[in-house]
Amino acid sequence: MAAQGRSLKSSACERFFARDTTEVARDLIGASFEVDGCGGIIVEAEAYGHDDPASHSYGGTNNRNRSMFGPPGIAYVYRSYGVHWCLNFVCGVHRGCAVLIRALEPTSGLAHMRKRRGVENDRRLCSGPGNLTKALGITGALDGWPLDSAPFTLSLPEGPRPAVVAGPRIGITRAMDLPWRYGLKGSRFVSRGFSGT
DNA sequence: ATGACGATGCACT
DNA sequence: GTGCATCGTCATG
């Protein structure tokens, strides 16, 4: 659990996201993220790089991934397995980097999110990239949307950094050796546990 | 036009 | 823990 911080203004947003994708992913752990008043604390995120065989941007731009090549600080929303929506934050010092948001600890709009998901179990409410977008009402309509603009609210934690653990990314078949999945240490809201915690 | 493949979630053992 | 439904997107012909 992390303290609520100051909301990200436009200039700070650009500064925050225009850094190495792994640093951004790590620093997003503990941040607060909401869409129209529904959301919570980011407890799990994965980094995807510009020259990363597991990244959608690998091999260049196409119609699906074009927002990955947009400016740092916008959303990249894509359809996974033809069924789920997944949310990324575009970032990096190169084009084509993003952080996949995989799980939140729900703190706001609980009733609305439970209704959207059709579950009462708060532990699973925003756990997993597809579950998270369903709970927050995120669809492809928000692809390319600036993260410092409504309906988004992103606030970074103030004070000491929360304890963050790292491990291999989930659901990929390439570059499986990179420990680019980050999680809030000890959180029971992550989609899967981290070895060694 | 068609086939292959998922940055998944859920039911089930 | 394992099995698999499901369909948008891309590569190929």
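Chain naming here is simple, since letters A, B, ... match the order of the sequence lines and numbering starts at 1 in each.
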Query - chain A contact limits on DNA chain B, taken 5' to 3' with a cut-off of 4.0 angstrom to heavy atoms - result: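 In short, chain A contacts DNA chain B from B:dG6 to B:dC10.
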Query raised in the report: Which pair of non-hydrogen atoms, one from A:G40 and one from A:T107, has the smallest distance, and what is that distance?
Result: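 Shortest heavy-atom contact: CA-OG1, 3.1 Å.
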Requested in this report: Please report the shortest heavy-atom distance between A:R169 and A:L178, naming the atom on each side.
Outcome: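 Shortest heavy-atom separation between A:R169 and A:L178 comes out as NH2-CD1, 3.7 Å.
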Could you go over nucleotides 10-13 of chain C and give all protein N or O partners under 3.5 Å, atom names and distances?
unit_1	atom_1	unit_2	atom_2	d
C:dC10	OP1	A:N62	OD1	2.9
C:dC10	OP1	A:R64	N	3.1

With rounding to the nearest 0.5 Å, note down the distance linking [atom1] in [X] to [atom2] in [Y].
X	Y	atom1	atom2	answer
A:L87	A:S80	CG	OG	13.0 Å
A:L125	A:R123	CG	CZ	13.0 Å
A:L184	A:I41	CG	CD1	9.0 Å
A:Y76	A:H56	OH	NE2	5.0 Å
A:W180	A:Y48	CH2	OH	10.0 Å
A:C126	A:R116	SG	CZ	10.0 Å

Query raised in the report: Is there a residue in residues 81-96 of chain A whose heavy atoms reach under 4.0 Å of DNA chain B, and which residues are they?
Result: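 DNA chain B contact set from residues 81-96 of chain A: A:Y81, A:G82, A:H84, A:N88.
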Requested in this report: Look through every strand shown and name the nucleotide pairing with B:dA7 as Watson-Crick or G-U wobble, where both distances are under 3.5 Å.
Outcome: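 B:dA7 is unpaired by these criteria.
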Requested in this report: Under a 3.5 Å limit for both distances, which nucleotide forms a Watson-Crick or G-U wobble pair with C:dT6, could you say?
Outcome: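 For C:dT6, the partner nucleotide comes out as none, under the 3.5 Å rule.
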**Report entry** From CA spacing to verdict: side chain to side chain contact (heavy atoms under 4.5 Å, CB included), A:T153, A:F33
**Finding:** CA-CA 6 Å; A:T153 307; A:F33 179 71; over 6 Å; no
Query raised in the report: With no hydrogens and no angle check, do the side chains of A:S187 and A:E105 hold a donor and an acceptor under 3.5 Å apart?
Result: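 No, no side-chain donor-acceptor contact under 3.5 Å.
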Query raised in the report: Given A:V119 and A:K134, is the side chain to side chain contact (heavy atoms under 4.5 Å, CB included) satisfied, shown in steps?
Result: CA-CA 11 Å; A:V119 299; A:K134 187 174 182 183; over 6 Å; no
Heavy atoms only, 4.0 Å cut-off, all strands: where does [X] land among base, sugar-phosphate and nothing?
X	answer
A:I172	sugar-phosphate
A:R117	sugar-phosphate
A:M68	base

